[in-house]
Amino acid sequence: MAQLDQETKQQEENSLSTVYNPQSVEGRIYEFWEEGGFFKADPDSKKPPFSMVLPPPNVTGSLHLGHAWDNTLQDIIVRFKRMSGFDAVWVPGTDHAGIATQARVEKAIRETEGKTRHQLGRTEFVKRVWDWKNEYGHTITTQIRALGGSCDWSRERFTMDDGLSRAVREVFVRLYDKGLIYRGHRIINWCPRCSTALSDIEVEHVDVEGTLYHVRYPFSDGVGEVVVATTRPETMFGDVAVAVHPDDERYQSFIGRTLALPFTDRQIPVIADEYVDREYGTGCVKITPAHDPNDFEVGERHHLDQPSCINLDGTMNSLAGRYQGLTREEARRQLVEDLRGSAYLIQEEPLTHAVGHCSRCQTVVEPFLSDQWFVRMEPLAKPTLEAVRSGQLRFVPERFEKVFVNWMESVRDWCISRQLWWGHRIPAWYCDDCGEITVSRDNVTECSHCRSKSVSQDEDVLDTWFSSALWPFSTMGWPEETPDFKRYFPTSVLATGYDILFFWVARMVFMGIEFTGKVPFRDVVLHGLIRAADGRKMSKSLGNGVDPLDVIGQYGADALRFTIANGTSPGNDQRFSFERVESSRNFINKIWNASRFVLMNIPADFVPFNLSKVPLGITDEWILTRYAETAREVTNHLERYDFGEAGRALYDFAWDEFCDWYIEFSKLALYGDDEQAKHTTQTVLVTVLGGLLRLLHPIIPFVTEEIWQAQHGTDASISVAPWPDAKTMPTYPESVSKVQLLMEAIRAVRNIRAERNVAPGKPIDLYVRARDEDSLRLFHSTESYLRRFCTAQTLTIAVGMEAPATAVTAVVSAGELFVPLESLVDLAQERDRLTKERDRLIQEVDRVEKKLNNANFVARAPEAVVVAEREKGKDYAMKLFAVNERLKALLNE
RNA sequence: GCGGCUGUAGCUCAGAGGGAGAGCACCACCUUGACACGGUGGGGGCCAUAGGUUCGAUUCCUAUCAGCCGCACCA
C-alpha cells in the first residue's frame, strides 16, 4: 500500500495526473493571469475596442448563482473578444446597496453593542459602514476571481467613490436645473420596517386573502346612513369624505350632506366624483387622501384635507383615538371587533386582492403622503423609446424589447429619495430664513436665494439605482472626457438577468442618453433565473440555495461555468443540479485526459509539419474538417450569444469526434512504423487539440490554460492566444463522407459482436462485400482501421463475393459485412434481425418514394433537398435489396 | 384585465420548415498501451390538443387546455 502510494505520487510528479484536480490549479492560474496583466485594457492599443461593465454586485454581499451566471456569460464574451483581436475591457466594481448594507451593519451593531444607529448618530454610523465595507467589501470581488472572471481590476470602481459620487451630483444638479428632478408632496410607498420610501418597482403586489368590510356611516343629522366598503377599516380615522358617483341615482340626495365618522367626533361630507365605480362594493367610497393614491387624487380635486392617521413606523397616531399606539394590524383587528359590537359593521365579504409588499423585507407597504424627490420620467422615456424603435438598442432575446417598451411607455415618476444614512446624500439645502432650496454640486454654506447662512442639507440619500444608472459612464470617468470615456463608451454589450431590466437596464439607458447623447450599450443580453433542481426559486427562507463557492470547491470553477453556460438558452430560466455539474466535471476531465494523451505521444522537441505540405490520411482530413466546422459554429453561436449551443457544439465535437474516434484512429499511426504518417498524425493531434482548447477557453478558462502551459511553456497565456479562424482552415468533404462510411461499418460489426455476445477482444474473420469499385477502394484504403476496430484476424474484401456460410450479416451503405461465427448461427434469430431491418428499410423507402412521386415536392422544394432525398432513396433501396438477398439465401438453407 | 414564457425520452432540457437529440437514469458487455469522472452496444418519444398556412409542420399562424412569470389593478 505504501509502495503504491509512493508510486502514485511519483507518477503525479512526473506527468499530469489521471484525474484533473481543479483545486490545485485554479488559484495559481488566476494569479498568473493577474500578474501577467492579460486582462488590462490599453487605450493606446491599435486594436479595436470592446467594452463591458460588470453589473455591480452589493459590496457587502457574496456571490450567488445568479451572479455566477451573468459573470460567466460576460467572461465568455470578453474572453472571446479578447482572443478575437479586440482591445477588450471588462470594468468591474461594486455597489453600495443602500438599504441592504445599512440593514446589515445596523444588525451587526445591534448584536455586538446593543445599539441602534440613532444612538450612534449619523456621522459615526456612516463611518462604521465604511469600516464594514473596507473589511468585507473584497469578499465578492475575490469570489469573482475564483470564478475566473477576466476583469480589468485596475479599473475597479465603487458607486460611492469620489469620482462616481461627483457624477451623481452632476447628474442630480443638471436634472434639477432642467426641471427633471423635483421635490413633491405625494403619496409614495413607505416600508415601515425599512422606514424609507420605495420606488414603484420596489413594491411587489401579492394576492392576499382579505375582507371587504361594509361599514355604516350615519348622517350627522341622524337621518339615514351610507354604507362604505373598505379593505382597510383602520384608515377611517384619516377619512375626509365619502364619495359617490355623480350620476348614481341611488345617492343623488346624499351629495352634500354630512356624515358622522364612527368612533370619532368628526364630520365628513358626501361628495361626487367620477372616480367611483358604481358597480363595485356599495358604490360609496371612503376617501382617505393620506393613505391611498386614488383617494389622494380625489382629495386634490375637491380641496380636501390630507390627515394621516398612521405613523412612519406603522403604528396608529392620535387621530385614531383609543387605537393610538397600536400597529396597523392590531388596530384593524381591534377596530373590526368594535365595529361588530357596535353594529356599524353590516357585512364581511371575503376578497382576494393584491397588496403591495416591500420587495426586500416583505412587509406590507403603506401608501404614505410625504415630501420626496422625484425624477420626471416622461421627457426621459421619450428619447429612450425612440432609441429602441430606431434599433440603436438591441435585446437578446428580442422579446424583451416589447417588455421594455411597455414599461417605458407607462412609467411613472421615479421616487429617488430614501430615508437612509448610507448612500449619496441629496445635494439640496434648505434655507431656514427664506425657505428656498439650493441645489448644488458643491456643499452649500449660504442660501443662493437670500444669502442666509442658515442652511441645512436634506437628510435623505438617493436610491442606490440612481448611481447604478450612471455606471456605464461614471466608471469611465464621466463627467470628465477621459481617454477611457472617449474610447470605451458607449460599451459594447451588457449582460444581466431579466429581473433587473427595469431597475437597472432601463435607467442606464435613459440616463446614458440624457447625459452622453448615446445609448450606453449596443446589445443587452438577458438571462433568466437559476432555480433549484425542483424548479422552485432559490431562497434563504426555503434554505434551498446553493453557494457557488461550494460548487467551485467541490468541482472547480470550470465545471460550474460549463454547467451554467450550457444550461443557457436565451432569456430562459435554468435549473441547477449537481448531476449536471458532475457531467461538466466529467467533460473537463475528458479534455484533460485527451490532452494528456496528446502530450504523452509528442516528443519534447516536436516540430509540427506544415499540414498543407504533407499528404494527409482520410481520418486526418476528416477531423480537420470537423474541427473547422466546429470552429465556425462555435464562433457563430458566440457572436449571437447562444452560449448553450456553443457549449454543446464543443462538447459533441470534443467527446464524440475527437476523443472517441480521432484519438482512437490516431493510435494506429502513433504506434506504427511509418514515421512520416506518425509525424503527420502528431501534427494533427496538436493542431486540433490546440484549436479545441482555444475554442473552449472562454467557457472553461482554467483547465485550458493549465494544458496550454504544459504544451507551450509558461511565457504566454491562452487567454491572449488568437481565436481559431475557420475561414483559413481547409476542409475535405470527401474524406468526411468516407470516414462516415468507415464508422458505419465499424459500428455495424461492433453491433454484431454485442448482439451475439462475442467478446470485444475475441478475434473474428471479417468478410466485406463492397457495393462497387468506389466502396472497394474505400475498404482497401481503410483496411488497417477495419482490422483494429473490428478486431479482425482475417479480413477479406471483394466486390460480389459469396457470403460465407453461417455468417451474421450487416448491411451498410458501402456494402455488406459478414461475420462467420464458430458456434452455429441461430438461423431464426438471424432472420428476425434481418426482417426487422427490412421492415425499417421498407418504411424509409416508402416515405422517400412518396415524396419523390409528389410532383409538387419535386417542383417546389429546393433543389438540394430533392437531390438529398434521391440520394437517401438510392441508399435505402440498395440496402433493402441486400437485406432481401440475404434473407432469401437464409431461407434456402 | 393586458403582455410574455413554457409544454419534446423515466427526470432535466436543447433543437430546427424536409431522415426525432443530449445529459442523467436504465439494460448488456468490457480494466483495449489518455480517461471507470472511462469504453462499446442497446431499449425508450402519435415533439400538450384542435384547426390553418405549406409540396411538406414537432418547428410558422390561430384557438383550447395545463404550468409559470411580468405589468396593472375598484375601495
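A note on names: the letters A, B, ... follow the listed sequences, proteins ahead of strands, and every chain is numbered from 1. All values below were derived from every heavy atom in this structure, side-chain atoms included, with hydrogens, water molecules and symmetry-related copies excluded. None of these values were measured; they are calculated from a predicted model.
Computed from coordinates, the Asn566(A) CG to rU12(B) P distance equals 18 Å when rounded to whole Å. At whole-Å resolution of the value, CZ in Phe578(A) and C1' in rG23(B) are 17 Å apart. Atom C1' of nucleotide rG3(B) and atom CD of Glu398(A) are separated by 17 Å, given to the nearest angstrom. With rounding to whole Å, Lys850(A) atom NZ is found 18 Å from rG18(B) atom P. To the nearest angstrom, C1' of rU6(B) lies 15 Å from CG of Leu529(A). What separates CD of Glu645(A) from P of rA22(B) is a distance of 14 Å, to the nearest Å. Gln574(A) places its CD atom 15 Å from the C1' atom of rA22(B), with the value rounded to the nearest Å. Following rounding to the nearest Å, Asn757(A) (CG) and rA28(B) (C1') show an atom-to-atom distance of 8 Å.
Rounded to whole Å, the separation between the C1' atoms of rA28(B) and rG33(B) comes to 26 Å. Separation of the P atoms belonging to rG23(B) and rU40(B) is 11 Å when rounded to the nearest angstrom. If you take atom C1' in rA9(B) and the same atom in rC29(B), they sit 23 Å apart, rounded to whole Å. Nucleotides rG3(B) and rC13(B) have their P atoms positioned 27 Å apart, rounded to a whole Å. The separation of rC47(B) from rA57(B), taken at their C1' atoms, amounts to 11 Å, rounded to a whole angstrom. The same atom, P, is picked in rG1(B) and in rA63(B); the two are 15 Å apart, to the nearest Å. On the P atoms, rG17(B) is 12 Å away from rU59(B), given to the nearest whole Å. Taking the P atom of each, rG15(B) and rG56(B) are spaced 27 Å apart, rounded to whole Å.
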For residues 654-664 of chain A, dump all side-chain donor-acceptor pairs below 3.5 Å to protein atoms at least two apart in sequence or in another chain.
residue   : atom : partner   : partner atom : Å
Glu657(A) : OE1  : Arg626(A) : NE           : 2.9
Glu657(A) : OE1  : Arg626(A) : NH2          : 2.9
Glu657(A) : OE2  : Arg626(A) : NE           : 2.8
Tyr662(A) : OH   : Asp620(A) : OD1          : 2.5
Glu664(A) : OE1  : Lys667(A) : NZ           : 3.2
Glu664(A) : OE2  : Lys667(A) : NZ           : 3.2

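Side-chain N/O atoms of Arg750(A) include one lying less than 4.0 angstrom from OP1 or OP2 on rG41(B). At rU12(B), one or more side-chain N or O atoms of Arg575(A) fall inside 4.0 Å of OP1 or OP2 (strictly under the cut-off). When the side-chain nitrogen and oxygen atoms of Lys402(A) are compared with OP1 and OP2 of rG3(B), none of them lie within a distance under 4.0 Å. Regarding contacts with the backbone of rG39(B), every side-chain N or O of Trp661(A) stays at 4.0 angstrom or more from both OP1 and OP2.
Distance from the side chain of Glu869(A) is smallest for rG18(B) among the nucleotides rC13(B), rG18(B), rA28(B).
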Per-nucleotide protein contact string for nucleotides 30-36 of chain B (B base, S sugar-phosphate only, - none; heavy atom under 4.0 Å): ---BBB-

Under 4.0 Å protein heavy-atom contact, by nucleotide of nucleotides 67-75 of chain B - B base, S sugar-phosphate only: ---S--BBB

Per-nucleotide protein contact string for nucleotides 42-47 of chain B, where B marks a base within reach and S marks sugar-phosphate only (heavy atoms under 4.0 Å, - for neither): S-----

Protein-to-nucleotide contact annotation, 5' to 3' order, nucleotides 56-63 of chain B [B base; S sugar-phosphate only; - none; under 4.0 Å, heavy atom]: --------

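Put simply, the side chain of Lys872(A) does not reach to within 4.5 Å of the side chain of Leu852(A), judged on heavy atoms. Side-chain contact check for Leu692(A) versus Ile591(A): some heavy-atom pair is nearer than 4.5 Å. Looking at heavy atoms from C-beta onward, Phe606(A) lies out of side-chain contact with Asn601(A) at the 4.5 angstrom threshold. Looking at Leu339(A) and Leu335(A), their side chains come closer than 4.5 Å, going by heavy atoms from C-beta outward.
The list of salt bridge (charged side-chain N to carboxylate O under 4.0 Å, His left out) pairs with a residue in residues 557-580 of chain A, not counting sequence neighbours, reads Asp75(A)-Arg561(A), Arg531(A)-Asp573(A). Legend: salt bridge (charged side-chain N to carboxylate O under 4.0 Å, His left out) pairs involving residues 396-410 of chain A, not counting sequence neighbours, sorted by first then second residue: Arg389(A)-Glu409(A). Among pairs with a residue in residues 201-211 of chain A, those fulfilling salt bridge (charged side-chain N to carboxylate O under 4.0 Å, His left out) read Glu202(A)-Arg418(A), at least two apart in sequence or across chains.
Aromatic ring pairs are classed by plane angle as parallel below 30°, tilted from 30° to 60° and perpendicular above 60°; the pair Phe400(A) and Tyr498(A) is parallel. Ring planes of His527(A) and Trp69(A): parallel class, angle under 30° (limits at 30 and 60°).
Side-chain atoms of Asn593(A) come within 3.5 Å of backbone N or O of Thr18(A) as a donor-acceptor pair. Proximity of a side-chain donor or acceptor of Thr282(A) to a complementary backbone N or O of Cys284(A) within less than 3.5 Å is detected.
Thr704(A) meets the side chain to side chain contact (heavy atoms under 4.5 Å, CB included) test with Leu693(A), Leu696(A), His697(A), Ile700(A), Ile718(A); sequence neighbours excluded. Partners of Phe643(A) under the ring pair (Phe, Tyr, Trp, His ring centres under 6.0 Å) rule, at least two apart in sequence or in another chain, do not exist in this structure. Scanning for side chain to side chain contact (heavy atoms under 4.5 Å, CB included) contacts around Arg216(A) gives Glu225(A), Tyr344(A), Ile346(A), with sequence neighbours left out.
Using a 4.0 Å heavy-atom distance criterion, Ser577(A) is classed as making no nucleic acid contact. Backbone-only contact: Glu844(A) has heavy atoms under 4.0 Å from sugar-phosphate atoms and none from a base.
For the strand RNA chain B, secondary-structure stems (runs of at least three Watson-Crick or G-U pairs, all distances below 3.5 Å) span B:1-7 with B:65-71, B:10-13 with B:21-24, B:26-30 with B:38-42, B:48-52 with B:60-64.
A salt bridge links Glu366(A) to Arg232(A): one of the charged nitrogens lies within less than 4.0 Å of a carboxylate oxygen. Taking the charged nitrogens against the carboxylate oxygens, Glu869(A) and Lys850(A) have no contact shorter than 4.0 Å, which rules out a salt bridge. Electrostatic pairing of Lys879(A) and Glu844(A) does not count as a salt bridge here, judged by no charged N lying under 4.0 Å from a carboxylate O.
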